[in-house]
Amino acid sequence: MKLRRRTRADGAGQHHADPCVAELIRALGEDRVRADGAARHLASADASMFSDGAAGPVCFPDSTEHVQAIMQVAARHDRAVLPRGAGSGLSGGAAPLGDPIVVSTTRMNRVLEVDEQDRVAWVQPGVINLDLTKQVTPLGLHFAPDPSSQQVCTIGGNVANNSGGPHCLAYGVTSAHVLAVEVVLSTGEAVVLGGLEAEPSGYDLRGAFVGSEGMFGIATKIAVRLTPNPESVRTLLLSFDTVADAAATVGSVIASGLVPAAVEMMDKRCVAAVEDFVHAGYPRGAAAVLLIEVDGLQRGVEADTEKVAEIGRAHGGTVRVAADEQERALLWKGRKSAFGAVARVAPDYYLHDTVVPRSKLVEVLEAVYEIVDRYDLTAVNVFHAGDGNLHPLMAYDSREPGVNERVAAAGREILEVSLAVGGVLSGEHGIGVEKRDFMEYQFTSADLEQQALLRRSFDPHCRLNPGKVLPSAHSCADIASLSASKVNGVWG
Amino acid sequence: MIAPPVIDDTALLAFAAEIGSAGPVMVRGGGTQWDVGGAPDSDIREVSAPTGIVEFRPDEMTVCVRAGTTVAALHAVLAEHGQRTALPDGSVPGGSPASTVGGTIAVGRSPVTRLGDGHIRDAVLQLHYVAADGQLVTAGGPTVKNVTGFDMCRVLVGSLGTLGCIGDAILRTRPRPEHEQWAKFADAEPETVLNTAKTATAILWDGSSVWARLCGHRVDVEDDLVRLPASYEVPPPDLPPFRWSRRPKDLHRLPNETGRFIAEIGVGVVHCERPDPNPPPVPASVAALNRRVRELFDPNRRFNPGRSVGQL
C-alpha cells in the first residue's frame, strides 16, 4: 500500500494537561480516549494522498450517548470534530484539518437487529460492509453496495461517502439502501432521519445526510435495506483487441434494454498486473476485458447471458462464461484485487475517480493515456464502465524527485478532460480535501452557496469535519482552530 | 481553468426572471396533488414551469426535461426508444395524465410500482431550480453516478416547492420490460405473492384479493404465473384518495376503521378513504431541523407560503 513520509503529530502527550481531553476522559472513561502521539499519528491520515493532517485526541465511543457527550465537550471547547470509520477513503474525507477531536467508530461495530420480514438491518456505523453481508447470507440476503474496499470499509463510511461499487449499476448506490439514520448533531442532540415507514414526514434529510462526508453529523445507528440474493447469476469475461471495441460493447449492451448487475472494464496493463498477482485467467493479449454480470431469474438470465455474448462477439470480442461458482469467484477476485496487484508494480498509487457519459468513454480513455504518457507515469485503468465511472490508477514511487507534482498535474488534467465532455468530479470517492478546490469547476458560486446552506442547517457552527467539500469562500468562517492550520488541497 | 456550464436555456432563464427575487410565489404543475401539505395562502402569484424535452440520450439512459412537461408526454417520447422513467404517468393506478415532471418531483410521492422501480427520488440526477434569491441553481449532475458535493436533489424531491422552484430535471431512464401485465390472485396471502412472484414490481392488497404487476422477461413472468395461479390481465383497482404511511410488516395490523383500503405490499403505503387518524409522530428535534432548512433556504417564506412539508 501507500508509503508515506509523515512526521508524527507534534507534542505527543501534551494533551494530558488539555482541559478538553480531561473532560472527554471524564465523560467516556480513560480507555475510550487516546491523546498520545501514536494514536493521533494513526488518525492523522486516511488512504488518500493527503498526509499533512494533525489529529487531536482520538475517541472510541461505543454508544450514541458517548458520541453525544463528545459533541458537548467539543462545543464547550469550540473544537472541530471529525468522524472516522476505517480510514479507507481516497479523497481525504477522514484526513484531519485543524486538530479536531477524532471520533473513531471502530468500537461501534455491532449489527443491532435484523428484521427478516421487512429486510432491514439496524447496524452501528463501525460494522464492516462485508461482515454485514456475511451475517445475513444464511437468510438469502445481502447489503448491495459493494465498494472494492468492502473487506475493510465501514457502513458509516459508506453512508458518509454515498459509496458505490460494481453492483450499484443495477442496484443503486448507498443512498438507495439507507432507510433511516440516527445522527448526533453538533449540538449533541440525537435525531432519527428517515424512517422504516413508507413515507417519513418532512424533507428527505436522510437523503441529505447520505454523502455529507461527515460534515452534517455523526451517524450512530443506520437502518439499511437488505437485498434478496438473485436466484441466478452468470458472469461473462469478454476480451477485445481494442479498447474502442470494448467500450462499444458496453454501449450496445446498455442500449439493448439490458440492465446488467455489473459491467467492469480492465485495460491491458491492468490485466497484466492482475494476472501476475492472482492468476484469475484473464487473457494477457487483450487490449481490454469486460467483466459483465447478469442476474435475476433463471430463464431470463439465460436469455440475457446469450444476448450479452452475442453483442460481445458482434464487436469482435472473445466470450467466456464462468462455468461454475468457483470460476465466477476467481473472475471477481481478479477485479477486486486489481488495486492490490498494481501496488506490486510501484510502491505508491493514486486512484482517480471521475464520471463521464458512457458514449465518451473511448475519447476520455485515449486522453487519459495521452496525459499519463506525457507526464511519464504508468497508468492502469480498471473501472465501472457500465455507468461511465472512470478510475485511472497511476502507479509511482514517491521517492522519485518531482513525481508527486507530475501525478498531481496529470490528475488535474484528467479532471478537466472529464468535465469538458459533460462529466462530474467524483462518482463514488467523494470530494473531501482532494477535489474541494475543483468544486468551482463544476458548480457556480450560487450553487455552492445552496450547498453551504444545507450544511449550516445541520451544523450552524461548521464544527464537523471543517475545511472539506466546499471551497473556503463557501465555508463558514470555519472555527478558530482551523484557521491556524494548513488547509491546502492536495493539488492546491 | 474550467468554468461550470452556463445555463443558456432561454425558457429556463425566463422562468427564473418570472420567479424573481421578492414576493410570494408558487409554481403550479398539473394540480393533481394540490391538496398535499395544505392549501397555499390566497392571492399568491402563480407561475408555470417551462415545458418541453431538452435532450433525450437513449444511449446514456438519461433525459433532460423541463419541469412543466407532463410525465405522459415525456414517456411518449421515451417509448420510441423502449424506455421510461420511474415517475408515474396516467397508466398506473393513482397516476394522472395531467401530472407534470416538476410537480411529481416536488411532491415526491412514488407510484405503486415503487416496489420494483424504486423511489422516484433515485431517478433524479440533476435539477435546475430557482432559489429564493432568484438565482438559477444546479443541484446534482448530469451523469448516472455522481457524488460531487452534497446531495441537494434529495432535499428538493418532496419539498413541495418550499425550498426552490424546479425548472428542469435530468432523469435516469430505464428500459421498458419485454412483458408486463397485471394479474389478480383471489385467495392468496399478500406475503406469499411478495415472496413468490419474483417479477412483481407492484403488489396491491385490499384485505382479501391481491393484484400484482408482473414485469420482465416473458418467460420469467410465465414462471411466476405457474407458481401462483392467477386471473390473468385483470386491471388493477382504483386507489382511494388518502395515503397512510406504515412499515411494510404493519400492513396486517391496519385498524378496522380504515374503510376500503388498498395497501402497497412490501412498501407500506396504504391508500384509504379517509386521512390517517394516527400518523407516525415526528419528534420535536426532527421538526426543528426541518424548520431550520426551510428558514435558511427561504428566509422570507416567499415560496408556497401556507403549504408545509409533512405538516411540520
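In what follows, chains carry the letters A, B, and so on, assigned in the order in which the sequence lines appear, proteins first and then strands, with residues in each chain numbered from 1. Note that the coordinates shown come from a computational prediction; the quantities given were computed from them, not determined experimentally.
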Taking the side chain as every heavy atom from C-beta outward, state whether [X] and [Y] have any pair of such atoms under 4.5 Å apart.
| X | Y | value |
| --- | --- | --- |
| D115(A) | R247(B) | yes |
| V259(A) | P175(B) | yes |
| T444(A) | I7(B) | no |
| L297(A) | H217(B) | no |
| L454(A) | F297(B) | yes |

Which bit of [X] comes within less than 4.5 Å of chain A, counting heavy atoms only: side chain, backbone, both or neither?
| X | result |
| --- | --- |
| P280(B) | side chain |
| E178(B) | neither |
| R176(B) | neither |
| R174(B) | neither |
| R57(B) | side chain |
| R294(B) | both |
| D122(B) | side chain |

For the pair [X] (side chain) and [Y] (backbone), establish whether a donor and an acceptor sit closer than 3.5 Å, ignoring hydrogens and angles.
| X | Y | value |
| --- | --- | --- |
| D447(A) | T138(B) | yes |
| E60(B) | R358(A) | yes |
| R299(A) | D223(B) | no |
| T148(B) | S426(A) | yes |
| D220(B) | G300(A) | yes |

Could you tell me which portion of [X] (side chain, backbone, both or neither) has an atom closer than 4.5 angstrom to a non-hydrogen atom of chain B?
| X | answer |
| --- | --- |
| H384(A) | side chain |
| V210(A) | backbone |
| L169(A) | neither |
| V356(A) | backbone |
| D118(A) | side chain |
| V469(A) | side chain |
| N389(A) | side chain |
| F209(A) | neither |

Can you tell which of [options] has the highest number of heavy-atom pairs within less than 4.5 Å of chain A?
| options | result |
| --- | --- |
| S159(B), G82(B), G158(B) | S159(B) |
| E191(B), H119(B), E264(B), R114(B) | R114(B) |
| G141(B), S285(B), G268(B) | S285(B) |
| D250(B), L163(B), T62(B), L156(B) | L163(B) |

Given the options [options], which has more heavy-atom pairs under 4.5 Å with chain B than any of the others?
| options | result |
| --- | --- |
| S359(A), S175(A), P228(A), A208(A) | S359(A) |
| L470(A), L185(A), D304(A) | D304(A) |
| G257(A), A190(A), A255(A) | G257(A) |
| A176(A), P357(A), S212(A) | P357(A) |
| E189(A), E428(A), Q298(A) | E428(A) |
| R119(A), E449(A), R206(A) | R206(A) |

Identify the two heavy atoms, one from [X] and one from [Y], that lie closest to each other, and give their separation to 0.1 Å.
| X | Y | value |
| --- | --- | --- |
| D151(B) | G207(A) | CB-O, 3.8 Å |
| S245(B) | A198(A) | OG-N, 3.4 Å |
| Q442(A) | P5(B) | O-CD, 4.1 Å |
| M439(A) | G149(B) | CE-CA, 3.5 Å |
| G202(A) | V309(B) | C-CG1, 3.3 Å |
| G422(A) | P142(B) | O-CG, 3.5 Å |

Look up atom [atom1] in [X] and atom [atom2] in [Y], then write down how far apart they are to the nearest 0.5 Å.
| X | Y | atom1 | atom2 | result |
| --- | --- | --- | --- | --- |
| N290(B) | L205(A) | CG | CG | 4.5 Å |
| Q135(B) | S445(A) | CD | OG | 7.5 Å |
| N146(B) | T354(A) | CG | OG1 | 11.0 Å |
| E295(B) | L453(A) | CD | CG | 12.5 Å |
| Q450(A) | M152(B) | CD | CE | 5.0 Å |
| E213(A) | F150(B) | CD | CZ | 7.0 Å |

(message) Looking at E231(A) and K198(B), is any side-chain nitrogen of the basic one under 4.0 Å from a carboxylate oxygen of the acidic one?
(response) no
